[in-house]
Asks: 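The structure is given below, and queries will be raised subsequently.
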Amino acid sequence: MTEENPGVELWARAPAKINLHLELLARRNDGFHELETLMAPISIFDSLSFTATSDEALTLSCVWEPGIEARRTLAQRQGTGSPWEPLPAPQSNLAWRALSLLREESGAESGGCLRIVKRIPAAAGLGGASSDAASTLCLANRAWGLGWSTERLATVAAKLGSDVPFFLYGGAAVCRGRGEQIEQLGAVPRLHVVVVRPRDGLSTAAVYGLCEVPDVPISCNRITRDLLEGDSGRVAKGLHNRLQAPAALLSPIVSDLAKLLQHVGGVGYLMSGSGTSHFVVCWNRRHAQAIAGRLRSMGVGVVHQASTL
């Protein structure tokens, strides 16, 4: 173990992600699915801070960024729908579970104070909770002086959720198994996107509950090669998400948004993860800026201009 850092506040930014490819390969005996997915982190971030304490208490403060909270409050007063979901109670938060599990498995005797400022929409297929959990593991590892490697932290991350290990490594990756088998892609040319989170969200479990494993799964090899070559046009043509059809059965907004995105001038579009967020692939930053402005004028939900990291 390395030296602990009690009283020292450590900071991290937890990025969202998009799935450029998501295919189901088989049903597992544990109720999950074998999958193959190509994911990339994007420039939408939650902010986290963690301070180790000398007592054993674990505390968590998780709030929406002030501007978002103001919009949520206004929507509630007006009785209109809001794409910003209520945040879970502290001990139901995946980041708190990450802290608790890491302390249990490491034998650390310190406590800690975790603060999260949320900007990534929840129930959106953007991985916000998983990213927060991964960043929490990294911060606590440093603050508690554990000195664990990324690979060792990944064994804890895999127990928390399928997407959590991906966020430990950084950069685009192909993930297999339940998501815990990570094939990092190294340096990848930047992809410019516009992300739309409509007012309605979806439960990941509910979406997976309706999905079917195809007889002939679609491989991600081709789109992975196109991404590494920086060909936005070919990447856009190869976008695939097996969960989009079952998500559309649960929420008509998925089909409605897909139809709208056909006509905004993007190179291609897709639902991310289990939805309901969609992203539009653009040629460059200026193209993304124009499409983001067009979508905001339509009032389709929360619109973010972003790029892959």
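Basis for what follows: all heavy atoms, side chains included, without hydrogens, waters or symmetry-related copies.
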Asks: Side chains of Thr276 and Arg199: donor-acceptor distance under 3.5 Å anywhere?
Replies: no
Asks: Taking atom CZ of Arg97 and atom CG of Leu58, what is their separation to the nearest 0.5 Å?
Replies: 14.5 Å
Asks: For side-chain contact (heavy atoms from CB on, under 4.5 Å), just list the numbers for His192 and Gln305, CA-CA rounded to whole Å, side-chain angles, deciding distance to a tenth of an Å, and then say yes or no.
Replies: CA-CA 8 Å; His192 293 275; Gln305 180 182 344; 5.7 Å; no
Asks: Are the side chains of Val302 and Ile68 in contact, using a 4.5 Å heavy-atom criterion?
Replies: no
Asks: Enter the distance from Gln184:CD to Tyr169:OH here, rounded to the nearest 0.5 Å.
Replies: 7.0 Å
Asks: State, yes or no, whether a side-chain contact exists between Ser130 and Lys17 at a heavy-atom distance under 4.5 Å.
Replies: no
Asks: Check the pair Ile42 / Phe279 against side-chain contact (heavy atoms from CB on, under 4.5 Å), numbers first and verdict last.
Replies: CA-CA 11 Å; Ile42 58 173; Phe279 61 92; over 6 Å; no
Asks: At their closest point, which heavy atom of Ile44 faces which heavy atom of Ala306, and how far apart are they?
Replies: CG1-CB, 4.1 Å
Asks: Checking side-chain hydrogen bond (donor to acceptor under 3.5 Å, both in side chains) between Ser47 and each of Glu65, Arg119, Arg115, which is the one that passes?
Replies: Arg119
Asks: Which heavy-atom pair separates Ser274 from Ala247 by the least distance, and what is that distance?
Replies: O-CB, 4.3 Å
Asks: Any chance CD of Glu105 has more than 12 other-residue heavy atoms, nucleotides or ligands included, within less than 6.0 Å?
Replies: yes
Asks: Using every non-hydrogen atom in the two residues, find where Ser272 and Ile18 come nearest and quote the distance to one decimal.
Replies: OG-CA, 3.3 Å
Asks: Are any of the side-chain heavy atoms of Leu228 and Arg225 separated by less than 4.5 Å?
Replies: no
Asks: Report yes if the side chains of Leu38 and Leu185 come closer than 4.5 Å at any heavy-atom pair, otherwise no.
Replies: yes
Asks: Is Met39 linked to Val164 within one hydrophobic cluster, defined over Ile, Leu, Val, Met, Phe, Trp and Tyr using a side-chain heavy-atom separation of less than 4.5 Å?
Replies: yes
Asks: Just by modelled atom types, is the Ser149 backbone N or O under 3.5 Å from a matching donor or acceptor in the Glu151 side chain?
Replies: no
Asks: Starting from Leu60, can I reach Leu10 by hopping between I/L/V/M/F/W/Y residues whose side chains sit under 4.5 Å apart?
Replies: yes
Asks: Do Val195 and Ile291 share a hydrophobic cluster (ILVMFWY, side-chain heavy atoms under 4.5 Å, transitive)?
Replies: no
Asks: For the pair Glu23 (side chain) and Cys220 (backbone), establish whether a donor and an acceptor sit closer than 3.5 Å, ignoring hydrogens and angles.
Replies: no
Asks: Can you find a heavy atom in the side chain of Asn284 that is under 4.5 Å from one in the side chain of His287?
Replies: yes
Asks: Give a yes or no on whether the backbone of Asp132 and the side-chain of Ser135 come within a donor-acceptor separation of less than 3.5 Å.
Replies: no
Asks: Measure from the side-chain N and O atoms of Arg242 to the backbone N and O of Leu35, and report whether any donor-acceptor pair falls under 3.5 Å.
Replies: no
Asks: Side-chain heavy atoms nearer than 4.5 Å, only ILVMFWY residues, links allowed to pass through others: does that put Leu20 and Leu243 together?
Replies: no
Asks: Could you tell me how the ring of His21 sits relative to the ring of His240: parallel (under 30°), tilted (30 to 60°) or perpendicular (over 60°)?
Replies: tilted
Asks: Closer than 3.5 angstrom, by distance alone: can the side chain of Ser100 be matched with the main-chain N or O of Trp96 as a donor-acceptor pair?
Replies: no
Asks: Using a cut-off of 6.0 Å, state whether more than 12 heavy atoms not belonging to Arg222 lie near its atom CZ.
Replies: no
Asks: Quick one, Leu25 and Val213 - any side-chain contact, counting heavy atoms below 4.5 Å?
Replies: no
Asks: Please report the closest heavy-atom contact between Ala172 and Leu227, naming both atoms and the distance.
Replies: CB-CD2, 4.4 Å
Asks: Are Leu101 and Leu168 joined in one hydrophobic group, where the rule is that I, L, V, M, F, W and Y side chains link up if heavy atoms are under 4.5 Å apart?
Replies: yes
Asks: Distance from Ser131 atom OG to Leu48 atom CG, nearest 0.5 Å?
Replies: 8.0 Å
Asks: Assess the side chains of Asn19 and Thr37: does a donor N or O sit below 3.5 Å from an acceptor N or O?
Replies: yes
Asks: Considering only distance and modelled atom types, tabulate donor-acceptor pairs under 3.5 Å from the side chains of residues 249-270, sequence neighbours left out.
Replies:
{"residue": "Ser251", "atom": "OG", "partner": "Ile253", "partner atom": "N", "Å": "3.4"}
{"residue": "Gln262", "atom": "NE2", "partner": "Tyr269", "partner atom": "OH", "Å": "3.4"}

Asks: Judged by atom type as modelled, is there a donor-acceptor pair below 3.5 Å linking the side chain of Asp46 to the main-chain atoms of Ile120?
Replies: yes
Asks: Ignoring hydrogens and angles, tell me if any N or O in the side chain of Trp144 forms a donor-acceptor pair with the backbone of Gly111 under 3.5 Å.
Replies: yes
Asks: When rounded to the nearest 0.5 angstrom, what is the spacing between CG in Asn241 and CG in Leu24?
Replies: 8.5 Å
Asks: How far apart are the closest heavy atoms of Ala98 and Leu160, and which atoms are they?
Replies: CB-CD1, 3.5 Å
Asks: Please report the shortest heavy-atom distance between Phe166 and Pro41, naming the atom on each side.
Replies: CZ-CD, 3.6 Å
Asks: Taking Arg190 for its side chain and Ser307 for its backbone only, find out whether a donor-acceptor pair lies under 3.5 Å.
Replies: no
